[in-house]
Engineer: 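Quick one: the structure is below, and I'll ask about it shortly.
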Amino acid sequence: MDEKENPFDMDSPSFDADRYLEKLLKECSLKQIMDTEAAVVKDTQTLHSDMQTLVYENYNKFISATDTIRKMKDDFKQMETDVNLLMNKMQSITTFSEQITGTLQGTRSQLCRLSEKHSLLKRLQFLSTLPAKLKALIEEQNYAQAVQDYLHAQKVFAQYGRQPSFDGIKRDCDAIMEELKERLRLDFQSAGNTAQSLTEIGELLLQLDEKTSDLASEMLRCASKRLHEQIVMLQDQTERDMLEFVDMGIDGFLNDLALVVTSYFDMFVAKHYEQERDDFQENALNALNGFLNENIDKYLTLVQDRVESDIGYGDTQVMLRALDRLHRRLQAMRNICRGLQVQRNTLDIIIGAAHQLCDAHGKNLKDHFADSLSAVRLSLVSAKSDVNLSELISNLYVAMVEKIKGVLQDLMIFLRTDWSFNIKAENKGALCVEGIRENLLIGFLRHISKVMSGFADVSSSSPPNLLLVLSKTCLELEQQGVHMLITLVDDLYEIDSENSATLTHETEICAEMRETAQSLLDSYVRLQGTNISQMLRKSVETRDWLNCLEPRSVRAVMKRVVEELGSIETVLASLYESAGNTGFRTTASSDSSRKTYFSNFNASKPQYRSNWSNYTPSQLESSYVSNIHRLFSERVDIFTSVEFTKASIVMGIIKIGLKTLLECVRLRTFSKFGLQQIQVDAHYLQMNLWRFVSDENLVNFLLDEILGSAVHRCLESVLMEPNAVEIICERG
């Protein structure tokens with residue numbers, strides 16, 4: 001059964017109350033019937049309440065609608081009156097219009113004929129006065145108006161040109177315009193024309209039916225002459241700064257070039273000419289493209305030459321401001337020149353300027369470094385008293401580092417964000433930025449290493465303290481300077497050197513710096529050792545050892561050697577810390593106060609006394625004892641690299657001096673007293689040299705070798721009593 005026809009549904013239109021009640025009494029209990037009654041009562045009350053609410057809410061709206069309808073009735077009555085009045089007036093106007101039309105109907109056609117005759121007479125009057133007017137306009141050089149009037153008259157000539165009177169006027173006008181065309185051609189070819197005048201004359205010649213292809217070629221040729229004159233004029237502006245120079249080029253050359261290009265494009269490329277070949281527009285575009293790139297290349301070459309001449313002399317910021325303006329102007333020209341390709345841009349010039357400025361800064365750094373070295377050398381040579389080497393090293397190191405920092409900061413101007421260009425966006429620019437790191441910084445650090453290495457050559461006549469200063473400076477660079485500078489350039493220029501396979505790592509430069517420092521320090525040791533050796537060699541070679549008197553004192557040269565070593569040790573103490581404690585040693589080893597002896601070493605280097613005075617002359621003459629010493633001794637390397645400590649450096653100098661003394665003793669022949677003098681000298685050195693070294697066993701070994709060689713070269717090998725040697729050394 002359809003729900004809409006259900007008689008038991010209260011919401012249905014076919015609801016039957018009696019049947020519903022009868023069904024309810026049959027099927028439901030008393031309680032269900034009472035519940036149903038309560039529900040029905042409740043729903044009835046709710047519905048009644050909702051209806052009252054709806055009536056109350058819409059009561060005001062009903063009242064307002066009633067008022068509105070009443071007001072509309074009044075307004076329509078007034079409007080109906082106005083419309084009736086307007087209708088009456090329109091009827092009156094229509095009546096008057098019909099009367100006027102009837103009155104003027106006879107003269108209307110006559111007025112039209114008179115108006116046409118008046119217009120014709122005006123055209124005829126214009127034609128009759130046209131030759132004189134054209135001449136007057138040409139004399140006033142008002143060529144544009146003359147061409148406009150002539151072209152306007154052509155329409156009249158086309159309609160009445162067959163009349164004899166008009167034919168004469170037409171011939172006169174044509175002759176005048178031929179003269180004007182000839183004058184325009186001469187003006188077009190004149191070298192003094194500006195780009196604006198070339199454009200205006202070209203447009204007039206086109207209106208006068210000049211051949212398009214010839215005019216296009218002539219326009220580019222004449223414009224090239226004019227632009228070349230401006231290039232020549234710009235070449236003479238050497239007294240102006242870079243900003244004024246570029247502004248002149250923009251306001252003159254580039255503006256004229258842009259005007260010629262846009263005018264040529266509009267006249268010959270954008271328009272189609274029926275009388276020309278089909279490929280005329282394409283050929284014209286190619287010719288314009290070549291003309292544009294040729295002239296831009298000339299101008300940018302001139303700008304590049306000016307930039308190269310200003311690098312290192314002018315203000316870099318002013319130069320970049322000028323190039324920024326030029327870059328913006330060329331970008332605007334690219335947007336204007338539709339369909340044209342400008343091959344060259346200012347970015348190449350800017351990158352080239354950055355390269356050139358890097359080279360200039362690199363040369364300045366090298367010159368500054370050379371001046372700093374000269375100043376250090378002059379300070380060492382001309383100083384009347386002891387020079388503070390630490391201060392010299394600090395000044396040299398700080399001057400180099402600060403100079404490099406200043407250069408790196410100066411070059412940052414190329415990467416300013418307010419420029420219209422970004423050199424890092426181009427591959428060449430990125431290589432340029434890496435070139436600042438590699439060619440400028442790394443190159444200069446390697447230059448420092450190379451120049452300082454030159455002072456370490458044997459042929460160099462450098463003062464010993466200069467070698468020491470340079471070695472310590474290289475060591476400072478290796479320990480902190482190289483890392484600081486490379487980190488600075490990587491941070492400033494955002495270079496990822498750690499992940500690059502082509503960039504130099506700082507460990508390479510540090511290794512080179514340390515190698516140079518080592519080479520300079522070894523040269524210092526050799527030079528100081530050579531100075532000590534010269535004193536000892538001369539003292540041995542100039543003495544007659546066969547006719548010596550019995551020794552009563554230590555020779556002066558030995559005292560001088562000890563004093564010289566003391567001076568060297570003092571200098572080194574201000575620069576290097578010894579391995580362990582700094583300064584002089586204040587205590588000797590347990591065997592350092594012994595009498596003169598040979599020390600024999602095994603792998604653990606134990607010390608023991610081997611007193612030569614206990615042997616008989618026959619035993620001393622034998623080589624057996626000497627061979628035993630050599631058998632159990634270690635080989636001593638004299639010219640080995642020293643460490644960067646005071647004790648190692650002094651030990652290297654002492655080894656060279658004692659080795660020289662040993663070789664000189666081996667070449668001489670000694671008497672008994674000569675041998676005893678060597679014994680005294682050796683013991684004196686043993687008493688004083690221990691304080692300079694960390695391993696006195698090596699010194700003792702060399703001294704034993706010296707005394708042993710003297711024993712072998714002695715004719716009467718008798719050593720002095722140890723107590724006597726001790727007394728002489730303490731007294732001397």
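For the single chain, residues carry numbers from 1 onward in sequence order.
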Engineer: How many angstroms lie between atom CG of Leu492 and atom CG of Leu411, to the nearest 0.5 angstrom?
Structural biologist: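 Output value for this atom pair is 10.0 Å.
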
Engineer: Find out whether Gln479 and Leu475 are in side-chain contact, i.e. whether some heavy atom of one side chain is under 4.5 Å from a heavy atom of the other.
Structural biologist: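 Yes, side chains in contact.
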
Engineer: Could you grab the distance from atom CG of Leu357 to atom CG of Asp310, nearest 0.5 Å is fine?
Structural biologist: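 It is 11.5 Å, given to the nearest 0.5 Å.
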
Engineer: Who are the side-chain contact (heavy atoms from CB on, under 4.5 Å) partners of Glu541, not counting sequence neighbours?
Structural biologist: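 Expected list: Arg537.
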
Engineer: Check whether any side-chain heavy atom of Leu503 lies under 4.5 Å from a side-chain heavy atom of Asp496, and answer yes or no.
Structural biologist: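 They are not in side-chain contact.
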
Engineer: Which atom pair, heavy atoms only, marks the closest approach of Val525 to Gly652?
Structural biologist: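 Heavy-atom minimum between the residues: CG1-C, 3.5 Å.
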
Engineer: Quick one: list whatever passes salt bridge (Lys or Arg N to Asp or Glu O under 4.0 Å) with Asp522, sequence neighbours left out.
Structural biologist: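 If we apply the salt bridge (Lys or Arg N to Asp or Glu O under 4.0 Å) test to Asp522, skipping adjacent residues, there are no hits.
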
Engineer: What residue pairs, at least two apart or across chains, pass ring-ring contact (aromatic ring centres under 6.0 Å, His included) with a residue in residues 548-571?
Structural biologist: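 Listed by first then second residue: nothing to list.
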
Engineer: Name all pairs fulfilling the ring-ring contact (aromatic ring centres under 6.0 Å, His included) condition that reach into residues 477-533, sequence neighbours left out, sorted by first residue then second.
Structural biologist: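 Every pair satisfying ring-ring contact (aromatic ring centres under 6.0 Å, His included) with a residue in residues 477-533: there are none.
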
Engineer: Would a 4.5 Å heavy-atom cut-off, applied to side chains only, mark Met651 and Phe692 as touching?
Structural biologist: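 The answer is no; the side chains never approach within 4.5 Å.
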
Engineer: Taking CD in Glu550 as the centre, count heavy atoms belonging to other residues, nucleotides or ligands within less than 6.0 Å. Is the count above 12?
Structural biologist: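 Above 12, so yes.
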
Engineer: Does Lys366 have any side-chain contact (heavy atoms from CB on, under 4.5 Å) partners at least two apart in sequence or in another chain, and if so, which?
Structural biologist: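 In terms of side-chain contact (heavy atoms from CB on, under 4.5 Å), with neighbours along the sequence ignored, Lys366 is linked to Phe444, His447.
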
Engineer: Test your reading of the model: is there a side-chain donor-acceptor pair from Ser394 to the backbone of Ser390, 3.5 Å cut-off?
Structural biologist: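 Judged by distance alone, no pair lies under 3.5 Å.
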
Engineer: Passes side-chain contact (heavy atoms from CB on, under 4.5 Å), Met400 versus Leu477? Steps please.
Structural biologist: CA-CA 10 Å; Met400 287 190 300; Leu477 287 172; 4.0 Å; yes

Engineer: Mind jotting down which residue pairs meet the side chain to side chain donor-acceptor pair (under 3.5 Å) criterion with at least one end in residues 402-417? Sequence neighbours excluded, please.
Structural biologist: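 Output for this query lists Arg416-Asp418.
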
Engineer: Before giving the answer on side-chain hydrogen bond (donor to acceptor under 3.5 Å, both in side chains), spell out for Thr504 and Glu438 the whole-Å C-alpha distance, their side-chain angles and the decisive distance to 0.1 Å.
Structural biologist: CA-CA 7 Å; Thr504 305; Glu438 294 295 304; 2.7 Å; yes

Engineer: Is it the case that more than 12 heavy atoms not belonging to Gln480 sit under 6.0 Å from its CD atom?
Structural biologist: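 Count over threshold, so yes.
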
Engineer: Measure across Thr530 and Ile656 and return the closest heavy-atom pair with its distance rounded to 0.1 Å.
Structural biologist: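 The pair with the smallest heavy-atom distance is N-CG2, 4.2 Å.
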
Engineer: Got Asn439 and Cys358 here, is their nearest side-chain heavy-atom distance under 4.5 Å?
Structural biologist: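 No, every pair of side-chain atoms sits at 4.5 Å or beyond.
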
Engineer: Starting at CG of Leu698, measure out to NZ of Lys655 and round the result to the nearest 0.5 Å.
Structural biologist: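 These two atoms lie 6.0 Å from each other.
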
Engineer: Check step by step if side-chain contact (heavy atoms from CB on, under 4.5 Å) holds for Met558 and Leu661.
Structural biologist: CA-CA 11 Å; Met558 298 302 167; Leu661 180 59; 4.2 Å; yes

Engineer: Hey, does the side chain of Ser709 reach the backbone of Arg666 with a donor-acceptor pair shorter than 3.5 angstrom?
Structural biologist: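 Between the backbone of Arg666 and the side chain of Ser709 there is no qualifying donor-acceptor contact (under 3.5 Å).
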
Engineer: Determine the minimum heavy-atom distance between Val557 and Met535, stating which atoms define it.
Structural biologist: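 Of all heavy-atom pairs spanning Val557 and Met535, the closest is CG2-O, 3.5 Å.
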
Engineer: Any chance you could measure Leu373, atom CG, to Leu396, atom CG, to the nearest 0.5 Å?
Structural biologist: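 Here the rounded value is 6.0 Å.
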
Engineer: For Arg514 versus Phe644, what's the shortest heavy-atom pair and its separation?
Structural biologist: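 Residues Arg514 and Phe644, closest heavy atoms: NH2-CD1, 3.6 Å.
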
Engineer: Do Glu564 and Lys559 meet the salt-bridge criterion of a basic N to acidic O distance under 4.0 Å?
Structural biologist: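 Glu564 and Lys559: not salt-bridged.
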
Engineer: Measure from the side-chain N and O atoms of Arg731 to the backbone N and O of Arg552, and report whether any donor-acceptor pair falls under 3.5 Å.
Structural biologist: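 Judged by distance alone, yes, a pair lies under 3.5 Å.
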
Engineer: Where do Gln676 and Val718 come nearest, in terms of heavy atoms and distance?
Structural biologist: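 So the two residues come closest at NE2-O, 3.3 Å.
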
Engineer: side-chain contact (heavy atoms from CB on, under 4.5 Å) with Asn688: which residues, sequence neighbours excluded?
Structural biologist: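 Partners of Asn688 by the side-chain contact (heavy atoms from CB on, under 4.5 Å) criterion, ordered by chain and then number, come out as Val562, Tyr684, Arg691.
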
Engineer: Before giving the answer on side-chain contact (heavy atoms from CB on, under 4.5 Å), spell out for Phe673 and Leu549 the whole-Å C-alpha distance, their side-chain angles and the decisive distance to 0.1 Å.
Structural biologist: CA-CA 6 Å; Phe673 292 143; Leu549 299 176; 5.6 Å; no

Engineer: Using modelled atom types and a 3.5 Å cut-off, is there a donor and acceptor pairing between side-chain atoms of Arg555 and backbone atoms of Ser539?
Structural biologist: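 Yes: the side chain of Arg555 pairs with the backbone of Ser539.
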
Engineer: Using a 3.5 Å distance criterion without hydrogens, assess whether the side chain of Ser567 forms a donor-acceptor pair with backbone atoms of Glu563.
Structural biologist: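 It does hold such a pair.
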
Engineer: Okay, side chain of Glu705, backbone of Leu662: is any donor-acceptor separation there less than 3.5 Å?
Structural biologist: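 No; zero donor-acceptor contacts below 3.5 Å.
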
Engineer: Quick one, Arg377 and Phe455 - any side-chain contact, counting heavy atoms below 4.5 Å?
Structural biologist: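 Result yes, sub-4.5 Å side-chain heavy-atom pair found.
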
Engineer: With rounding to the nearest 0.5 Å, note down the distance linking SG in Cys729 to CG in Asp681.
Structural biologist: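 Between Cys729 SG and Asp681 CG, I get 8.0 Å after rounding to 0.5 Å.
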
Engineer: Nearest 0.5 angstrom please: Asp490 CG to Arg437 CZ, how far?
Structural biologist: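 These two atoms lie 4.5 Å from each other.
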
Engineer: I need the full list of ring-ring contact (aromatic ring centres under 6.0 Å, His included) pairs touching residues 526-547, with sequence neighbours left out, sorted by first then second residue.
Structural biologist: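 Sorted pair list: Trp545-Phe670.
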
Engineer: Filter on salt bridge (Lys or Arg N to Asp or Glu O under 4.0 Å), then keep only pairs touching residues 440-453, sequence neighbours left out; what's left?
Structural biologist: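 The answer is Arg446-Glu508, Arg446-Glu512.
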
Engineer: Just by distance, do the side chain of Glu478 and the backbone of Glu515 share a donor-acceptor pair under 3.5 Å?
Structural biologist: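 A pair under 3.5 Å: no.
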
Engineer: Can you check whether Leu707 reaches His683 side chain to side chain, under 4.5 Å on heavy atoms?
Structural biologist: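 No, too far: nothing below the 4.5 Å cut-off.
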
Engineer: Indicate yes or no: at least one non-hydrogen side-chain atom of Leu715 is less than 4.5 angstrom from one of Ser671.
Structural biologist: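 They are not in side-chain contact.
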
Engineer: Give a yes or no answer on whether the side chain of Ser648 reaches the backbone of Thr645 with a donor-acceptor pair at less than 3.5 Å.
Structural biologist: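 Not confirmed, Ser648 side chain does not pair with Thr645 backbone.
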
Engineer: Could you walk me through whether Thr516 and Ser453 pass the side-chain hydrogen bond (donor to acceptor under 3.5 Å, both in side chains) test, one step at a time?
Structural biologist: CA-CA 6 Å; Thr516 301; Ser453 296; 3.2 Å; yes

Engineer: Grab the two heavy atoms, one from Ile653 and one from Ile532, that are nearest each other, plus how far apart they are.
Structural biologist: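 Distance-wise, the nearest heavy atoms are CG2-CG1, 4.1 Å.
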
Engineer: Applying side-chain contact (heavy atoms from CB on, under 4.5 Å), can you list everything that pairs with Asn547, at least two apart in sequence or on another chain?
Structural biologist: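 If we apply the side-chain contact (heavy atoms from CB on, under 4.5 Å) test to Asn547, skipping adjacent residues, the hits are Asp544.
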
Engineer: Using the salt bridge (Lys or Arg N to Asp or Glu O under 4.0 Å) criterion, which residues pair with Arg668? Sequence neighbours excluded.
Structural biologist: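 Expected list: none.
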
Engineer: Does Gln356 reach the main-chain N or O of Glu308 with its side chain, forming a donor-acceptor pair under 3.5 Å?
Structural biologist: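 Here the side-chain-to-backbone pair exists.
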
Engineer: Under 3.5 Å, which donor-acceptor pairs link side chains of residues 464-474 to any protein atom two or more places apart or in another chain?
Structural biologist:
| from | atom 1 | to | atom 2 | distance (Å) |
| --- | --- | --- | --- | --- |
| Ser471 | OG | Ala517 | O | 2.8 |
| Lys472 | NZ | Leu575 | O | 3.2 |
| Thr473 | OG1 | Val469 | O | 2.7 |

Engineer: Evaluate side-chain contact (heavy atoms from CB on, under 4.5 Å) for Val642 paired with Gln518, printing each intermediate quantity in order.
Structural biologist: CA-CA 8 Å; Val642 298; Gln518 186 69 63; 4.3 Å; yes

Engineer: Please confirm whether the backbone N or O of Ala456 pairs with a side-chain atom of Ser523, one donor and one acceptor, at under 3.5 Å?
Structural biologist: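 Yes; judged by distance alone, with no hydrogens or angles, the pair exists.
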
Engineer: Contact between Leu389 and Leu380 at the side-chain level, heavy atoms closer than 4.5 Å - yes or no?
Structural biologist: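 Side-chain contact under 4.5 Å: yes.
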
